[in-house]
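Heads up, the thing below is written out as structure tokens.
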Amino acid sequence: MPDTFVRHEFGADDWGVTVLHRSDQGPYRWPTVDTVGPVTAVSLGLPVGVDVTGGPAALAGRLLTGEEVHREVVPPFGLLALDAAGRFALQQDWIGMCRVFTGGAGGLTAFCTRPGLLAAFLHGDPRPDLDGWASYTLCGHFGGDSSPVAGARLLRPGERVTGRRRDGGGWELVTTTRYATDDVVRDGLAAQDRPVGELLDRAAEAITTTAAGIHGLYDDDITLGLSGGKDSRLIAAALIAAGRTPRFLTNEDTRAEGEVARELVRILRDKRGLHPEHTLRLAGARANVLGTGLHERARRLQRLTDNQFPSSYLVRPAGPGRLVDQASPATFTGAAGELATEYWYPPTDDGEPSPRETALARLLNAVPAGVADPAVVTAERERIGVLLDHGSGLGLHDLRLVDYIYLVERVRRWYTSAYAIGMVTPFLSPGFVAATFALTPAQKRERLMHTGLIARLVPEWAQVPFVSVSTGPSTATRVWEGDGLQAMAELLDTAHGPLTHLVRRPAVEKALRTAARGGRPDQRTLQQFTWLALASERLEPGTTRPATGAAYARITAPPQQRQPAGGAVARLRWIKRTRLGGRLWSAVARRVRPRPPAE
């Protein structure tokens, strides 16, 4: 952390709050810490979608009076309100995305945005939470409220903790669940019989209000990742319809993405006279990625997010080695638009799997079948089964049960917007999410929300085909390229902690051998093992062995030639072609296979 970071301290003998944040806020107009009179607000993120009249301290004052200040917020956002009179309130957002963790030990209750720091404060050296890592292995993220370290859990969706200081010292703490994910889903189900036009109106209002709301918090143009897909196009259409043309950024590792994005910008120029700034780049270009070795790329990413980032980002350029005291630009992302489509649905063929099995198969997909330890798979299926039972209890019996699991697991824990101030996800406006649960699965298969809203907001874009995930090859870097093969082979030699046994080592070695011989193994196996092995080095001291190079030698050894049928005997048959050899061969044959006696 740079020395220039701003530090705030509040507290007394039996309580304390420490806040560190960057000193350069840039165009952001919502301070992290704000004190007015007896009330101090500590904001974790931006309150997009919320009435921010009066600023952070006023919002904190409303939280202290019990108001549902998070009801309309676009996650992630958390708020801590302190009252000099001796009380506080801490509010998690409605989906539980804001990274605020809690734990207790020795009569102390603590909260922190970094689970590793929390565990170190309460327990000393952090230890891994193996249940949480089991989820990470199979899902690609930490499931539910779990954490990378034991003794720390994420605040639940809508969770509010209030405290009042006793006259003689100490605190009375009360934890409640306020407006949360299930309430948003129930709102949607209650509207499922409403006319389609009304649902589109509700969704359009939600995302356009979000698009307009960011400008009260950020005094500059917004950057939007514009792909050839449907989600970013709908966000772009909402911004343009609101008169807020953004800067566009397109990753064209897949060629079709760049081609379609260029066409969309051309239409704006020719049909509307708009000339937005449009940057195209190769996000996973080898030259940008491989300049930093695989181990260092992974370690930086793990330190930055306390091990919580998706391992798929190992094929992206390395992040900074330390926090940066400079505001990053505010961006919009089209993530969560999948809730309005058939994204996780099975094909419409006869005999499709049940919603339960579909949800399990989609979620437990961070490694191929057979790579994870079977006991880990069984335990994780049981955990997800409890969530599926809960969703059924809400009235979700069709494929919307799949959407529910996507929302409460993948959106909440996998989305990278949880780690970046200023990355706004308009599709997580609670009004939009509720509207998606009012749609039927058939309407989602027709992409009714996207096509209907784009045709309404920017009709000129309605006829441009969407790019799908299967459109054309990608030029992005593979995890075994550069020093990746040797680095992962070394981890097979050195990393032997319990975390590394969540996956089957023979499956990892097989994937590495395939890569060494010019094949293209499933990247998921190698990415997940790398992440587990390097986390093990930090969280499981004493389990790392010296490097020997043995695994690399095995993996890169040339394949052994197969012996032809018959082996050594076949190679000796030439002896029969000589006179003496024929007699010897016959004699040996009689001993090995004696003739049956004459009758």
Side-chain angles (χ1 to χ4, degrees), residues 1 20 99 101-103 105 110 112-143 145-154 292-316 318-324 366-367 372-373 376 413-414 416 418-419 479 483-484 486-503 505 508 525-548 551:
M1 183 179 295
L20 292 105
R99 295 299 187 252
F101 294 83
T102 186
C112 189
T113 55
R114 298 185 64 86
L117 287 179
L118 177 67
F121 172 72
L122 291 172
H123 308 291
D125 292 334
R127 295 175 294 104
D129 180 341
L130 291 179
D131 290 337
W133 280 103
S135 292
Y136 187 92
T137 301
L138 289 169
C139 304
H141 57 75
F142 291 91
D145 307 326
S146 68
S147 157
V149 291
R153 69 163 179 88
L154 185 65
T292 304
L294 175 61
H295 280 186
E296 182 61 20
R297 294 201 307 272
R299 287 186 177 112
R300 289 186 189 182
L301 201 53
Q302 288 186 339
R303 285 197 299 266
L304 185 66
T305 63
D306 251 7
N307 299 296
Q308 297 171 82
F309 227 62
S311 69
S312 56
Y313 278 73
L314 292 177
V315 292
R316 297 289 185 93
R322 61 188 301 176
L323 297 176
V324 178
V367 291
D373 181 273
V376 174
R413 298 304 308 263
W414 186 80
T416 58
Y419 305 97
V479 71
D483 75 335
Q486 186 167 359
M488 289 183 286
E490 181 178 296
L491 289 174
L492 272 177
D493 265 346
T494 62
H496 290 274
L499 288 182
T500 67
H501 296 292
L502 295 171
V503 295
R505 299 175 82 88
V508 177
T525 300
L526 300 178
Q527 289 169 169
Q528 291 293 80
F529 174 74
T530 300
W531 201 263
L532 292 168
L534 289 174
S536 177
E537 287 185 0
R538 297 178 60 203
L539 297 175
E540 298 173 326
T543 63
T544 302
R545 301 176 186 175
T548 66

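From a predicted model like this one, the values you see are computed outputs, not experimental measurements. Throughout, residue positions are numbered sequentially from 1 according to the sequence presented.
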>> Treating T530 as the side-chain partner and L526 as the backbone partner, does any N or O pair qualify as donor plus acceptor under 3.5 Å?
In response: yes

> Which pair of heavy atoms, one from A105 and one from H123, lies closest together, and at what distance?
Replying inline: CB-CE1, 3.7 Å

> What are the two closest non-hydrogen atoms of A318 and R297, and how far apart are they?
Replying inline: CB-CG, 3.9 Å

> How long is the gap from CG on D145 to OG1 on T102, to the nearest 0.5 Å?
Replying inline: 11.0 Å

> Do the side chain of T494 and the main chain of P546 share a donor and acceptor less than 3.5 angstrom apart?
Replying inline: no

>> Pair L301, R316 - check side-chain contact (heavy atoms from CB on, under 4.5 Å), show working.
In response: CA-CA 10 Å; L301 201 53; R316 297 289 185 93; over 6 Å; no

> Just by distance, do the side chain of R99 and the backbone of T305 share a donor-acceptor pair under 3.5 Å?
Replying inline: no

> Counting only heavy atoms not in R300, do more than 12 sit closer than 6.0 Å to its CZ atom?
Replying inline: yes

>> Within this structure, what is the CZ-CG distance for the pair F101 and L118, rounded to the nearest 0.5 Å?
In response: 9.0 Å

>> Quick check against the 3.5 Å criterion: does D483 have a side-chain atom that pairs as donor or acceptor with the backbone of L294?
In response: yes

> Mind checking whether L492 and F529 have side chains closer than 4.5 Å, heavy atoms only?
Replying inline: yes

>> Rounded to the nearest 0.5 Å, what separates atom CH2 in W414 from atom CZ in F309?
In response: 9.5 Å

>> Using modelled atom types and a 3.5 Å cut-off, is there a donor and acceptor pairing between side-chain atoms of R545 and backbone atoms of D493?
In response: no

> Counting distance only, does the side-chain N/O of Q528 pair as donor-acceptor with the main-chain N or O of Y136 below 3.5 Å?
Replying inline: yes

>> Give me the atom names and distance for the closest heavy-atom approach of C139 to A366.
In response: C-CB, 3.6 Å

>> Quick check for you: to the nearest 0.5 Å, what is the distance between R505 atom CZ and L491 atom CG?
In response: 9.0 Å

> What residue among D306, V149, L117 forms side-chain contact (heavy atoms from CB on, under 4.5 Å) with P126?
Replying inline: V149

> side-chain contact (heavy atoms from CB on, under 4.5 Å) between W531 and Y313: does it pass, once the steps are laid out?
Replying inline: CA-CA 11 Å; W531 201 263; Y313 278 73; over 6 Å; no

> To the nearest 0.5 Å, what is the distance between CG (L534) and CD (Q302)?
Replying inline: 5.5 Å

> Looking only at heavy atoms, what is the nearest atom pair of F142 and G132, with distance?
Replying inline: CD2-O, 3.2 Å

>> On a heavy-atom basis, which atom in E490 and which in A547 lie closest, and how many Å separate them?
In response: CG-CB, 4.1 Å

>> Evaluate R153 against D129 for side-chain contact (heavy atoms from CB on, under 4.5 Å), listing each step before the verdict.
In response: CA-CA 10 Å; R153 69 163 179 88; D129 180 341; over 6 Å; no

>> One pair to check against side-chain contact (heavy atoms from CB on, under 4.5 Å): N307 and L539. What are the steps and the verdict?
In response: CA-CA 10 Å; N307 299 296; L539 297 175; 4.1 Å; yes

> If only atom types and distance count, is the side chain of R114 paired as donor or acceptor with the main-chain N or O of L304 below 3.5 Å?
Replying inline: yes

> side-chain hydrogen bond (donor to acceptor under 3.5 Å, both in side chains) with E537: which residues, sequence neighbours excluded?
Replying inline: R299

> CG/L502 to CG/L138 distance, rounded to the nearest 0.5 angstrom?
Replying inline: 8.5 Å

> How would you list, by chain and number, every residue that makes a ring-ring contact (aromatic ring centres under 6.0 Å, His included) with F121, sequence neighbours excluded?
Replying inline: none

> Do you know the tightest heavy-atom contact between T416 and P310?
Replying inline: CG2-CD, 4.1 Å

> Mind checking what makes side-chain hydrogen bond (donor to acceptor under 3.5 Å, both in side chains) contact with Q308, not counting sequence neighbours?
Replying inline: none

